[in-house]
J.: 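I'd like to ask some things about the structure below.
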Number of protein chains: 2
Amino acid sequence: MSGHHPARSRRATERKGDVRERAILDTCEALLAQKGYDAMTVGDIAQGAGITRGALYFYFGSKQEVVTALVARTVEHLWERSRATAQADEPRQAIAAAMQRTVELWNEHGLVMRTAIDLSLTVPEIGELWSHTADLFIAAITAVLERAGVEAGTEPEQASAMARALCWMIERTFYHASQESRENLQEASSTCEHIWLISAGLIT
Amino acid sequence: MSGHHPARSRRATERKGDVRERAILDTCEALLAQKGYDAMTVGDIAQGAGITRGALYFYFGSKQEVVTALVARTVEHLWERSRATAQADEPRQAIAAAMQRTVELWNEHGLVMRTAIDLSLTVPEIGELWSHTADLFIAAITAVLERAGVEAGTEPEQASAMARALCWMIERTFYHASQESRENLQEASSTCEHIWLISAGLIT
DNA sequence: ATTAAATTCGACGCCGTGTAGACTCTCCAG
DNA sequence: CTGGAGAGTCTACACGGCGTCGAATTTAAT
């Protein structure tokens with residue numbers, strides 16, 4: 001869409017640093033898959049990104065900050081996709097759609113999501129990010145349960161509390177399944193969907 | 001497990017080392033509660049136990065080994081208590097009893113159980129210990145589900161797979177609740193029990 | 001009492017983090 | 001074209017934690 005506005009639209013957005021930053025994050029993701037968080041050193045990341053440790057510290061203040069940025073980038077993607085998914089009216093369809101979406105998300109970003117969960121304790125900012133994400137999912141599950149006829153409220157047997165438990169069930173089940181294989185992920189999804197449907201009173 | 005560690009009991013009588021070993025584990029547990037795993041240094045543990053770093057390495061080969069031993073001690077306690085609990089015939093009672101027991105376990109050992117879960121990834125031996133523990137619980141849940149009429153089998157909607165998902169739900173829900181308060185733990189228990197009952201087809 | 005095993009200690013080397021300061025490159029104003 | 005500001009990069013260093021070593025000391029068995 002470059003019109004003919006003179007000197008206004010230079011490549012104002014493509015700074016050299018932005019490219020490097022992405023390279024660092026990409027390398028970090030690759031190394032995370034390959035060696036895990038603890039074994040991955042700042043030197044490794046820098047080397048993978050084609051710079052030295054000193055240069056990396058120009059972009060990020062610490063190893064934790066790098067990983068936090070990576071999680072933030074991924075989580076933002078999650079939010080975006082969640083927003084984009086249309087909410088079906090029919091609870092059964094909504095549940096099926098949600099589980100399908102969840103499978104895709106874990107297939108695509110399982111690694112980063114797992115590390116986000118693992119680091120939630122030790123890195124407060126990541127914990128913040130992840131708990132916010134969980135809250136979104138809990139709210140969505142709550143809405144579906146209520147639409148399916150589960151009594152609204154926060155008491156142990158009402159929609160909100162049940163949604164929270166179901167969310168943790170899904171998180172943990174996918175967490176483990178995504179370490180294994182795609183087939184496991186699909187089976188895990190079926191199981192979670194089944195329990196969700198039962199909990200909503202949609203099947204016996 | 002592995003290796004030949006010096007302080008292996010040859011005599012049944014109280015060795016000085018056994019006392020020290022317990023002191024180390026107790027200190028480790030206290031520090032874990034106070035500073036968390038990463039912030040806790042080997043020097044801290046040694047100091048708390050009234051010895052020097054060098055002396056600690058006589059008992060344990062590494063920081064990870066200390067915490068592994070602590071987890072092993074706690075987990076052994078879990079198994080013991082699980083074995084001691086009589087299995088009720090009536091599914092409803094069995095479920096209620098299991099949840100009650102779970103609340104007690106988390107109240108008493110929540111901290112160590114949480115760190116065991118957190119370190120399952122990075123310390124393979126702890127992962128082994130915990131996954132074995134989880135398998136015990138999954139087997140117990142499976143048995144209850146089958147006795148309540150859920151079809152046996154490992155397919156996504158049969159007892160075994162459902163038990164696994166329920167186990168993860170309980171683990172994760174208690175994990176979070178035990179970070180908050182005892183009240184939360186009790187409410188979490190009610191919610192999990194409710195979902196378990198529904199999944200077993202015992203209530204609608 | 002002698003001797004071997006058990007236990008403790010202080011000091012050392014290694015590795016990873018984060019910081020400091022100097023150097024290079026790019027781009028734009030004068 | 002030039003010189004300077006700021007982005008980007010480098011090497012070198014200080015700090016701290018982990019795990020090891022060997023020597024010193026205590027305990028237990030003969």
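Both backbone and side-chain heavy atoms feed into the values below; hydrogens, waters and symmetry mates do not. Keep in mind it's a predicted model, so treat the numbers as computed, not measured. In what follows, chains are A, B, ... by sequence order, proteins preceding strands, each numbered from 1.
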J.: Distance check needed: dT9(D) P versus I45(A) CD1, whole Å only.
T.: 16 Å
J.: Please report the interatomic distance CD(E125(B)) to CG(L119(B)), rounded to the nearest 0.5 Å.
T.: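 Between atom CD of E125(B) and atom CG of L119(B) there are 12.0 Å.
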J.: Quick one: F58(B) CZ to dT26(D) C1', roughly how many Å, whole number?
T.: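 Answer to the nearest Å: 12 Å.
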J.: CE/M169(B) to OG1/T173(A) distance, rounded to the nearest 0.5 angstrom?
T.: 9.5 Å
J.: Specify the separation, in whole Å, of atom OH of Y37(A) and atom C1' of dT17(C).
T.: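 So the OH-C1' distance, Y37(A) to dT17(C), works out to 11 Å.
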J.: Can you tell me the distance, in whole Å, between the CD atom of E21(B) and the C1' atom of dT7(C)?
T.: 13 Å
J.: Please state how far atom CD in E65(A) lies from atom C1' in dG18(C), giving the value in whole angstrom units.
T.: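 Going from CD in E65(A) over to C1' in dG18(C) covers 12 Å.
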J.: Grab the CG-C1' distance between L56(B) and dG10(C) for me, whole Å please.
T.: 15 Å
J.: Quick one: D18(A) CG to dT26(C) P, roughly how many Å, whole number?
T.: 17 Å
J.: Should the ring pair H109(A) and H77(A) be called parallel, tilted or perpendicular, given that the plane angle runs from 0 to 90° and is split at 30 and 60?
T.: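 Aromatic pair H109(A)/H77(A) classed perpendicular.
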J.: Anything under 30° is parallel, anything over 60° is perpendicular, the rest tilted; go ahead and classify W168(A) against H176(B).
T.: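 Parallel: the ring planes of W168(A) and H176(B) meet at under 30°.
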J.: Salt-bridged, R73(B) to E21(B), with N to O below 4.0 Å?
T.: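 Not counted as a salt bridge, because no side-chain N and carboxylate O are separated by less than 4.0 Å.
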J.: In terms of side-chain geometry, is the basic nitrogen of E108(B) or R81(B) positioned less than 4.0 Å from the acidic oxygen of its partner?
T.: yes
J.: Strictly under 3.5 Å: I want the nitrogen or oxygen pairs between protein and nucleotides 15-21 of chain D, one per line.
T.:
{"from": "dC18(D)", "atom 1": "OP1", "to": "V42(B)", "atom 2": "N", "distance (Å)": "3.3"}
{"from": "dC18(D)", "atom 1": "OP2", "to": "V42(B)", "atom 2": "N", "distance (Å)": "3.1"}
{"from": "dG19(D)", "atom 1": "OP2", "to": "Y57(B)", "atom 2": "OH", "distance (Å)": "2.9"}
{"from": "dG19(D)", "atom 1": "OP2", "to": "K63(B)", "atom 2": "N", "distance (Å)": "3.2"}
{"from": "dG19(D)", "atom 1": "N7", "to": "R53(B)", "atom 2": "NH2", "distance (Å)": "3.0"}
{"from": "dG19(D)", "atom 1": "O6", "to": "R53(B)", "atom 2": "NH2", "distance (Å)": "2.4"}

J.: Given atom CZ of F60(B) and atom P of dT7(C), what is their separation to the nearest angstrom?
T.: 12 Å
